[in-house]
Structures are given as C-alpha cells and as structure tokens.
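Chain A is the first sequence line, chain B the second, and so forth, proteins listed ahead of strands; every chain is numbered from 1. Nothing here was measured: the structure is a model prediction, and the numbers come from that model.
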Amino acid sequence: MSTPTIPQRSWAQRYHVKGIGWTVLLLVLLVASAQMTGVNVGMFFSNLGQFTNLLVRMSNPAWDYTTVIIQPLLETIQMAILGTTIGAAFAIPFAVLSASNLIHNRWLRGLTRLFLDLVRTLPDLLLAAIFVAIFGIGSTAGVITLAIFSFGMVSKLFYEVIETIDMGPLEALESVGATKITIIWYAVLPQILNQFISYFLYTLEINVRASTVLGYLGAGGIGVFLQRSLNEFNYNQTAVIILATLVVVLVIDGVSNHLRRVLL
Amino acid sequence: MEQATPIISFKGVNKIYSNGTVGLKDISFDIPRGQFLVVVGLSGAGKSTLLRTINRMHEITSGEITVENESVSDYKGKALRLLRRKIGMIFQGFNLINRSSVEKNVLSGRVSYYPTWKTIFGLFSKADKEKAVHSLERVNLAEKLYTRADELSGGQQQRVAIARTLMQDPKIILADEPVASLDPLTTKTVMDTLKRLNQEDGITVIVNLHSVALAREYADRIVGLRAGQLVYDQPIANVAEGDLDQIYLAPEGEKA
C-alpha cells in the first residue's frame, strides 16, 4: 500500500487568482464608467441642501387633497391589475417555450427568448407615448403599455422559475403516458404556482409605481395629478400622492406575504 | 424445458451515448410474462438505462426491444403514450408532486385514459375516483387520501407511487432502485407490495437493486449487468451464494 498523497493545487488555485482578477476587473469597470459618464459624486453632497429644501416643502401634506386623488388612484390600481393580468397571462406560454428543461429544441427556445429580449428592450415610456398617439389620452394606452411591460418582465422571471423545478414528477407523468400539456399542468404548475403569484404581485407593485409615471404622458391614473401638482409647485399635494401610493404598495406587499405563507 | 411466451424481449440491444460512453452492449434476453426479475449491478453499470429503454424513456442505438411481440422503437405520439400506459414505473426518488394531495397524485396515473382537456379540469369519472381509493387500499394508505404528498414518510410516498402506477392497469412494472432511499423496515413493506402485485395480479415486475440479499429474497430470476453487458442470468433456484460477487467486481483498470 502506498501512502495516500494529498492532491496539489496549482499556484493560481491556491491564491484565488481568478476570483481576485474578476473582482479587480469589476472595480476598474465601475470607476471607469463613472468617469466616462461624468458622474460627479461631490455634486451629490454639495447640492444636498436643495433636496432637504424640497423635503421641507413636502413635509406639510395637504390632507384635504386626499379626497381628490382617491378616484384617480383607484383608476391607477385598476390599470395596474388589468395590465399585469393580461401581461402575465400571455407570459405563461412564452415562459414555457423559453425554459430549457421543457423545450429541448434550441432554435425554438432561442427565437422565443430573442423575442422576449426585444420586448424588454422597448422602454415603457416609449410604449406609452406610442399608444397614447394611437388610442388617445386615457387609460387604454396605459393598460396596453403596462401589459407589454409586464409581459416582458414576467416571462423572464417565470422561465427562470420553471428552470429550477424538480424534474422527477415530469419523468413520472411522462412514464404514465401523459401528453405534454397534461405533464405541464400536473407536474410543472403545482411546483411554480407559488412563485408565479409572488412575481405577479411584485410586478403589480412595480406597475402601480410605473403608472404614476405613465400619467405624465397622458396614459391616465394618478400620474396626471402628480404631474399637475409638481408643475404648480404644490409640493404639499405631491406629498399626499406619494404617501397614498406608498399605502397601495404596502397593501400589495402585505397581500403578497400573506398569500405566500398560505400557499407554501 | 417449456418457456412461457416472453412479454419483453431484448435482441442485440446497444446504447451508445452521444459522448461515446457505452450504456448497453449487445444485450439479448427474454422476460416471460408474470416474472419477478431483479437486475443487479454497480452504479453506472447500465441498470437504469436498461429499464428505461423498455418504455422508451431512453432511446437505443441499435438492436430491437419488443413488448408483447411488438417492436417499441417505431412508436410515436399516441402509440408511444399507449405503450407507456401499460408499463408502470417506480422511481428511487418517488417522483410525486409534493404540493398536491395524495388523491391527485394517484389519479395522475390515470391521465392517459382521458383526453388532455379532461385531465386539465380534473374531470375523472366516479369509477376512477373509487379506483384511486381502492389502489390506496391495496398499499394500505387509504386514510391518507387527502393528505399532501410531502407530508408523508419516504416509505409511504413510495407506496403512493405504487398506487399511482396501479391506476394505469399495468401489465409490467419497472422499478428503478425503489428502496435505495428507504430504511430496512419500509424497504420490506415496499418490496412485499411489489411481490404481492406480481403474485396476485400477475404483473411482470422488473426491479433494479443494489442489494444482493434483497434480490435473492424476492426474485424469480436474477440478471447481472457490468459495464453495460449482461454478465449473469440465472433462475433463483440456481443462484449460489458466491455467484453474484463477480458482478460486483470493478471493471478493469478502475479498482476502487
């Protein structure tokens, strides 16, 4: 019997050359991009006074304004729910087609993903501007914009969830002689439903915030009022709008946490 | 000696993986209807591959496999699903849908008897729902009908998997290391259940096992695989004590 030899690591492995190299490269890129784009950190601190000034002017919310914004806020929530639901519904088949553990055809998967990348590339503000031009000022343009935006985002989140599932139940259903659709319904869906709902609500939350911005372009909802208050330097009204939006976001977050606990 | 007509037949079957690894090498043998066959061999000897070629979960490179006198290699789409319907499969990891109820798991064994849209809406007939209860009774788990699958112990999960298989009305059951992740006591329950189905229903059972002791206890016949080759094949009456050691010899140049 020979004495057991401890395997030798190379010099590069011992001093983690790769890890250190990547970290240094990232730092260099970070500093370089800050310099090239002219981001001035000093300016942030020297102009902090203006920021506090704004906060002071918002610190006295005009509470009576609340009654005015309830209606548009509800409209915003409705837009967000509609847009997210439509987007997520369309996202499911595309997420399935993009998941490498379900679709073995590289071309089909690649094509679907390319399409999704394209959708995600389109900025939501551009989409809003286009749809306002097509459908006129109002919430229709907002809903379609949010639907497309949600579709792009949710489909990526969804297919990443699908790729992490346990393949065992799929194998079992396949061995039973089930069709593809039955396999997905019985073996995939129960495994991902939880995270689907969680991501759906997260997207809904983002959409509530996004639709405040879309209002700027005339796509309906609370954004119209946000823009008006800012233009009129009515920061006390702006404060109310921000606080009201915060309440909505908190509620969605609460619902999301509750559902995840219940469904787990 | 008179042989029953084989339900499964391997004729010169080879399997070479795309990376050049040999999975199965020139396998030829028959499995008579109603036999309890145990396949033994080291990990990586090709046991799982052999099992999965029967229901076409794995493809073979050359040769022919027949099930009930029909070559399985040409089956596609619906014909393939009908082949799989009559062959139940049990897995080492149970492969239940953890978040679903035991009832739904068991009923999922029946989906190939329904059109896809009916399975989606869960439109199982009353008879099949009763069949699910009956299948669970046969593995002594009827009281767990509405329990979530992941709340069961490993042995119970494997029995649910057997109940799921029973819903197929299988003629053959393939069990791939069904007891590898179970303790000795639950191992006995699961193996006894498989043996009972073999004897009472006349289902042909093919089990992959690591344990030679278990193989000797339950098998009608033992075949041994080493490096993808059939190196041993004897009815249980002819299996001698030291016989199986040769199957477990490490391949040349890979002494452990």
Which portion of [X] sits near chain A, non-hydrogen atoms under 4.5 angstrom:
X	answer
B/Arg56	neither
B/Leu83	neither
B/Ile120	both
B/Ser100	side chain

* Asked: Quick check: are there more than 12 heavy atoms from other residues, nucleotides or ligands sitting under 6.0 Å from CZ of A/Phe135?
  ->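 Yes, because the 6.0 Å sphere around CZ of A/Phe135 holds more than 12 heavy atoms from other groups.
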
* Carboxylate-amine/guanidinium contact B/Arg110 B/Asp169, below 4.0 Å ->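 Here B/Arg110 pairs with B/Asp169 in a salt bridge, since their nearest N and O are under 4.0 Å apart.
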
* With rounding to the nearest 0.5 Å, note down the distance linking CD in A/Glu75 to OG in A/Ser139. => 4.5 Å

* Can you find a side-chain donor-acceptor pair between B/Ser125 and B/Tyr114 that sits under 3.5 Å? ->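 Present: a donor and an acceptor within the cut-off.
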
